[in-house]
Amino acid sequence: MSGCEARDAKKLVRSPSGLRMVPEHRSARSPFGLDEPPWVPDKECPRCMQCDTKFDFITRKHHCRRCGKCFCDKCCSKKVPLPRMCFVDPVRQCAECALVSQKETEFYDKQLKVLMNGATFFVTLGTSDKSELMVCRLSNNQRYLVLDGDSHYEIEIVQISTVQILTEGFTPGGGNTRAIGMVLQYKVPGSEELAQMKFTASEDFSCNKKLSASWLAAMHKVSK
């Protein structure tokens with residue numbers, strides 16, 4: 001097993017909320033992940049925390065896996081995927097949390113996959129007038145932005161301070177714009193100073209402009 005594979009290794013664990021596939025090393029956790037919330041103790045919730053129905057032998061209480069609060073079956077009946085907590089199967093959530101989790105599904109199923117597949121850009125460091133053609137992608141553990149060309153860079157996602165998407169096609173009367181690049185500012189490890197990188201989509205027809213635009217759009221969503 002290589003160093004990267006060991007770093008990204010996962011294990012199956014069982015929690016009160018269900019089965020989870022989590023990284024073996026906490027340092028390899030995704031920056032988009034969430035910790036399981038503590039459950040509200042049964043003795044502190046005699047009634048549903050949504051509709052105020054009293055719990056008894058017929059009306060059972062259930063805990064939402066996302067917020068940890070107590071609800072009756074009617075208010076906490078949906079089982080929805082919750083990848084931010086690494087659950088293997090859909091888990092029970094209250095209506096409010098289920099709506100949030102459903103909205104996040106597109107991010108995990110689409111944007112993250114686009115970023116991990118990568119795209120090609122001309123990358124310019126700081127104020128340099130030279131650029132390098134590089135493949136840019138999100139690492140498998142979602143912690144680093146990896147750039148590969150003649151040079152190699154890894155930027156930790158949590159160290160990125162600003163992401164500015166560059167567009168073209170805007171007209172005073174309105175109209176569609178398309179993403180053509182990005183300016184990234186991030187903290188350099190061991191320093192409080194900000195470094196800057198500029199990404200520009202290649203005009204070479206051998207490069208997929210649509211893929212580059214999709215990658216930039218996904219990066220914009222990640223930075224929000």
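- Here the closest non-hydrogen pair linking Ser101 and Gln93 is OG-OE1, 2.7 Å.
- When side chains are defined from C-beta on, Lys54 counts as touching Arg47, because their heavy atoms get closer than 4.5 Å.
- The OG1 atom of Thr162 sits 7.5 Å away from the CD atom of Gln196 when rounded to the nearest 0.5 Å.
- Judged by distance alone, the side chain of Gln50 and the main-chain N or O of Cys75 form no donor-acceptor pair under 3.5 Å.
- No donor-acceptor pair closer than 3.5 Å links the side chain of Arg60 to the backbone N or O of Asp73.
- One side chain, Ser15 or Glu36, offers a donor N or O that lies under 3.5 Å from an acceptor on the other.
- Contact between Met21 and Val88 at its shortest, heavy atoms only, is N-CG2, 4.0 Å.
- At least one side-chain heavy atom of Val146 sits under 4.5 Å from a side-chain heavy atom of His152.
- Across all non-hydrogen atoms, the minimal contact from Thr120 to Ser212 is O-OG, 3.5 Å.
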Verify side-chain contact (heavy atoms from CB on, under 4.5 Å) between Lys187 and Leu194, making sure each step is shown before the conclusion.
CA-CA 5 Å; Lys187 286 185 178 180; Leu194 290 177; 3.7 Å; yes
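- Arg84 has its side chain out of reach of Val100: every pair of non-hydrogen atoms, C-beta onward, lies at least 4.5 Å apart.
- Both Val163 and Leu125 belong to a common hydrophobic cluster when Ile, Leu, Val, Met, Phe, Trp and Tyr are linked at side-chain heavy-atom distances under 4.5 angstrom.
- Contact annotation: the side chain of Lys74 never approaches that of Thr53 to less than 4.5 Å [non-hydrogen atoms, C-beta and beyond].
- Rounding to the nearest 0.5 angstrom, the gap separating the OG atom in Ser30 from the CG atom in Leu112 is 7.0 Å.
- Counting heavy atoms from C-beta outward, Cys72 and Phe55 have side chains that approach closer than 4.5 Å.
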Might you work through the side-chain contact (heavy atoms from CB on, under 4.5 Å) test for Glu24 and Lys11, ending with a clear yes or no?
CA-CA 6 Å; Glu24 286 192 355; Lys11 60 183 178 181; 4.0 Å; yes
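- Residues Met134 and Leu138 fall within the same hydrophobic cluster, defined by Ile, Leu, Val, Met, Phe, Trp and Tyr side chains chained together at heavy-atom separations under 4.5 Å.
- Around NZ of Lys198, the count of heavy atoms belonging to other residues, nucleotides or ligands within 6.0 Å does not exceed 12.
- Between the CG atom in Leu82 and the CZ atom in Arg65 there is a gap of 10.5 Å [rounded to 0.5 Å].
- Looking only at distances, no side-chain donor or acceptor of His62 sits under 3.5 Å from a matching main-chain atom of Ser77.
- At least one donor-acceptor pair under 3.5 Å links the side chain of Lys61 to the backbone N or O of Cys45.
- Using modelled atom types, one side-chain atom of Glu132 and one backbone atom of Ser151 make a donor-acceptor pair closer than 3.5 Å.
- Between atom CG of residue Leu216 and atom CG of residue Leu211 there is a gap of 9.5 Å, rounded to the nearest 0.5 Å.
- Looking at Val80 and Glu104, their side chains never come closer than 4.5 Å, going by heavy atoms from C-beta outward.
- Between the side chain of Ser131 and the backbone N or O of Thr124, no donor-acceptor pair lies under 3.5 Å.
- Within a 6.0 Å sphere centred on CD of Glu96, other residues, nucleotides and ligands contribute 12 heavy atoms or fewer.
- A single hydrophobic cluster is seen to contain both Leu34 and Phe87, as judged by linkage of ILVMFWY side chains at heavy-atom distances under 4.5 Å, directly or through other members.
- Following chains of ILVMFWY side-chain contacts shorter than 4.5 Å, one cannot reach Val91 starting from Met49, and the two form parts of different hydrophobic clusters.
- A distance of 7.5 Å separates NZ in Lys69 from SG in Cys97, rounded to the nearest 0.5 Å.
- Here the shortest heavy-atom pairing between Ala195 and Val188 reads CB-CG2, 3.7 Å.
- A donor-acceptor pair is defined here as one N or O able to donate and one able to accept, closer than 3.5 Å; no such pair exists between the side chain of Arg29 and the backbone of Pro23.
- Here the closest heavy-atom approach between residue Ala98 and residue Lys78 is recorded as CB-CD, 4.1 Å.
- To the nearest 0.5 angstrom, Arg66 atom CZ is 10.0 Å from Leu99 atom CG.
- Counting non-hydrogen atoms of neighbouring residues, nucleotides and ligands closer than 6.0 angstrom, the CG atom of Asp150 reaches no more than 12 such neighbours.
- Summarising the geometry of Cys136 relative to Phe199, their closest heavy-atom pair is SG-CE2, 3.4 Å, with the distance given to 0.1 Å.
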When you look at Phe121 and Leu147, which way does the side-chain contact (heavy atoms from CB on, under 4.5 Å) test go after all the steps?
CA-CA 10 Å; Phe121 297 93; Leu147 295 82; over 6 Å; no
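- A heavy-atom distance below 4.5 Å is not found between the side chains of Arg137 and Tyr144.
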Test Tyr186 against Met197 for side-chain contact (heavy atoms from CB on, under 4.5 Å), laying out the working first.
CA-CA 9 Å; Tyr186 60 96; Met197 280 187 177; 3.8 Å; yes
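- Between Phe32 and Phe107, the ring planes are perpendicular. Angles over 60° get that label, and only those under 30° would be called parallel.
- Hydrophobic cluster membership is shared by Val114 and Met116, with clusters built from Ile, Leu, Val, Met, Phe, Trp and Tyr side chains linked at under 4.5 angstrom.
- With contacts defined as side-chain heavy-atom distances shorter than 4.5 Å, the pair Met182/Trp215 qualifies.
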